[in-house]
Amino acid sequence: MDKNMLYRSIPKVDVLLESKAVRGMIELYSRDTVMEAIRIETDKLRAFIGQCDDEEAARAQTEMLTAHIEMTVAAMHRPNMRMVVNGTGTILHTNLGRAPISGEHMKKVAAIATGYSNLEYNLEEGRRGERYSHFEKLLCKITGAEAAMAVNNNAAAVMLILSSLAKGGEVIVSRGELVEIGGKFRIPDVMEQSGATLVEVGTTNKTHYDDYENAVTEETKALLKVHTSNYRIVGFTDTVAVDELVPIAKKHDIPVIEDLGSGVLIDLSKYGLTYEPTVQDSIQKGADVVCFSGDKLLGGPQAGIIIGRKKYIDKMKKNQLTRALRIDKFTAATLELVLQEYLSEEKAVEHIPVLRMITKPLEEVTEEARELAGLLEAAGLPAQIRTEPCESQIGGGSLPLERIPSMAVAIRPEKISVPEFEERLRHLPVPVIPRTVNDTVLLDVRTLLKREFKLIAEQIKELDVLEETSLIASR
Ligand SMILES: *Cc1c(COP(=O)(O)O)cnc(C)c1O
């Protein structure tokens with residue numbers, strides 16, 4: 001075959017630029033990116049012809065040049081961060097953005113963020129206000145605390161608390177609570193960063209009242225309790241509860257700080273989960289300062305919420321670090337909306353996506369799984385499709401042992417391998433992230449949103465995802 005002729009059949013750049021299709025692309029995108037896409041795709045085509053010994057295939061590839069340029073330039077302009085479908089069954093998936101926010105709440109936030117707002121403006125008095133003012137009273141009402149604020153995330157909250165209350169002094173922590181949360185958040189390291197000195201007491205499995213009592217010195221600035229969010233020590237164990245620490249702290253006029261991690265505001269045992277101490281419990285038992293995440297079991301935006309005695313919260317508000325760790329208007333607005341739902345537990349469970357997923361009865365999940373399986377079956381795909389019982393988990397380092405009975409749609413591809421199917425699902429326009437168990441791809445319906453069902457079925461069908469050759473695989 002005549003390779004030179006094939007090379008010559010590749011349209012020249014100026015010819016391409018004159019074509020209607022490319023002119024349309026320049027109009028829609030930009031001249032620079034279209035030029036870049038032309039360069040990339042003509043190079044690719046040359047390389048293809050170079051190693052190809054099938055003239056027919058080489059010609060077909062040349063025919064596709066304009067289409068490939070279009071795909072490449074479109075990809076350059078497509079935001080890299082986009083929605084994905086979470087079929088993993090892990091409700092608080094840190095890699096997938098933790099807690100989804102409801103559409104109703106986001107609509108209200110959009111109205112605020114697309115214009116100006118009273119983020120730091122006191123409308124009553126016509127002067128500067130505080131960004132925490134929008135949710136401080138709410139937090140106090142819900143938790144029983146005297147004062148509240150929020151920073152970027154809970155890691156920042158722990159740092160700010162220690163820096164404000166214990167810098168240059170000692171903080172006593174049980175050896176059983178020196179946790180690593182993931183993403184390199186380790187209590188001893190955070191402590192060092194904040195300028196406080198860690199004093200470890202007790203052992204990995206047992207810490208007693210006397211251990212704390214005996215460790216207090218002139219230098220002690222606080223007693224710290226940390227929720228061992230992502231692991232459990234079981235068996236021969238003992239810990240000292242917050243209310244037992246309070247008398248020691250009182251005697252020495254120092255605060256008891258509790259890092260609760262997840263920050264549960266409602267009693268989840270009512271919904272069949274293991275009882276998890278609530279934020280209200282912690283305040284009631286006398287903790288002076290409590291912090292927790294906004295985007296774990298609370299179901300809100302990423303934030304580190306700090307509540308407690310006013311004298312301590314005031315100190316934190318004045319700390320220079322607060323300026324560096326402060327939340328933005330999106331977070332402030334979303335946090336207020338989500339917290340408002342907690343004024344009624346019923347509303348919270350209904351309107352906060354994370355709580356709705358956790359509490360959704362198995363019968364309802366099963367019903368939805370049948371619906372999704374039905375849609376996939378109707379598409380006549382080359383795969384075995386059926387519903388299959390599975391277990392969802394909370395994730396995000398919350399309730400690590402908890403498993404929630406759930407229902408999945410199981411898909412066994414007939415023409416391609418499971419890893420290949422998984423990879424293609426990840427490359428869909430709206431990527432689908434499944435869970436793979438025993439050579440079957442599972443879509444746990446508990447973490448799917450109803451509106452995603454049709455989208456999943458249509459994408460799999462229209463892009464021939466389960467066929468040997470697929471539009472997804474070819475690129
Ligand atoms: C998750 C967690 C953190 C970190 O919270 P982020 O909001 O992810 O920064 C800190 N402490 C505990 C106990 C946690 O569980």
Side-chain angles (χ1 to χ4, degrees), residues 90-101 135 139 148-166 171 173-194 196 198 207 222-233 239 241-242 256-265 268 273-274 276-279 281-282 287 289-308 316 321-322 324-328 330-332 334-335 338-339 354 393-402:
T90 298
I91 294 165
L92 295 169
H93 201 304
T94 300
N95 300 152
L96 304 183
R98 284 202 191 153
I101 307 294
F135 52 81
L139 269 169
M149 66 183 292
V151 288
N152 186 49
N153 56 22
N154 192 35
V158 176
M159 173 89 107
L160 177 64
I161 294 168
L162 294 173
S163 155
S164 307
L165 308 183
V171 176
V173 192
S174 158
R175 287 198 172 88
E177 297 173 7
L178 294 175
V179 296
E180 170 171 323
I181 302 300
K184 291 281 181 294
F185 178 87
R186 287 174 159 188
I187 286 294
D189 300 345
V190 175
M191 189 87 79
E192 198 181 313
Q193 284 285 328
S194 72
L198 169 70
T207 304
L223 306 180
L224 174 66
K225 289 260 326 155
V226 183
H227 192 292
T228 59
S229 310
N230 49 10
Y231 74 102
R232 288 278 179 280
I233 297 177
T239 58
V242 165
V256 175
I257 300 165
E258 184 161 34
D259 171 9
L260 273 177
S262 263
V264 188
L265 291 173
L268 289 173
L273 272 74
T274 315
E276 176 76 351
T278 61
V279 178
D281 283 343
S282 182
V289 176
V290 178
C291 65
F292 49 96
S293 284
D295 57 355
K296 290 187 183 171
L297 283 169
L298 185 91
Q302 178 188 306
I305 297 169
I306 310 173
I307 59 171
M316 292 175 221
L321 254 185
T322 300
L325 305 175
R326 79 180 183 188
I327 53 166
D328 63 14
F330 304 97
T331 304
T334 314
L335 206 48
V338 172
L339 288 169
V354 165
Q393 46 184 325
I394 306 281
S398 308
L399 298 167
L401 302 181
E402 197 76 42

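One-based numbering, in listed order, for ligands and for the atoms of each. Predicted model only: the values in this text are computed from it and were never measured. We use all heavy atoms of the structure for the numbers below, so side chains are in, but hydrogens, waters and symmetry mates are not. Starting from 1, each residue takes its place in the sequence as its number.
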Please round to the nearest 0.5 Å and tell me the distance separating atom [atom1] of [X] and atom [atom2] of [Y].
X      : Y      : atom1 : atom2 : result
Glu192 : Met159 : CD    : CE    : 10.5 Å
Cys291 : Ile161 : SG    : CD1   : 4.0 Å
Leu399 : Ser262 : CG    : OG    : 6.5 Å

For Thr239 and Ile233, run side-chain contact (heavy atoms from CB on, under 4.5 Å): C-alpha distance rounded to whole Å, both residues' side-chain angles, the deciding distance at 0.1 Å, then the answer.
-> CA-CA 10 Å; Thr239 58; Ile233 297 177; over 6 Å; no

At the 4.0 Å heavy-atom cut-off, does Arg98 count as touching ligand 1?
-> yes

With a 4.0 Å cut-off on heavy atoms, does Val158 reach ligand 1?
-> no

Please work out whether any backbone atom (N, CA, C, O) or any side-chain heavy atom from C-beta onward of Ser229 is under 4.0 Å from ligand 1, and answer side chain, backbone, both or neither.
->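 It is the side chain that touches ligand 1; the backbone stays farther off.
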
Closest approach of any protein heavy atom to [atom], naming residue and atom:
atom                    : answer
atom 2 (C) of ligand 1  : Lys296 NZ, 2.5 Å
atom 9 (O) of ligand 1  : Ala155 N, 2.9 Å
atom 7 (O) of ligand 1  : Ser293 OG, 2.5 Å
atom 11 (N) of ligand 1 : Asp259 OD2, 2.7 Å
atom 3 (C) of ligand 1  : Asn154 ND2, 3.5 Å

Looking at Val354 and Ala99, what are the two nearest heavy atoms and their distance?
->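 Reported closest heavy-atom pair: CG2-CB, 3.5 Å.
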
Short list, please: which atoms of ligand 1 are under 4.0 Å from a heavy atom of His227?
-> 13 (C)

Answer yes or no: are there more than 12 heavy-atom neighbours, outside Arg186 itself, under 6.0 Å from its atom CZ?
->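 At most 12 heavy atoms, drawn from other residues, nucleotides or ligands, come within 6.0 Å of this atom.
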
Mind checking what makes side-chain contact (heavy atoms from CB on, under 4.5 Å) contact with Pro400, not counting sequence neighbours?
->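 Pro400 satisfies side-chain contact (heavy atoms from CB on, under 4.5 Å) with Arg232 once adjacent residues are dropped.
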
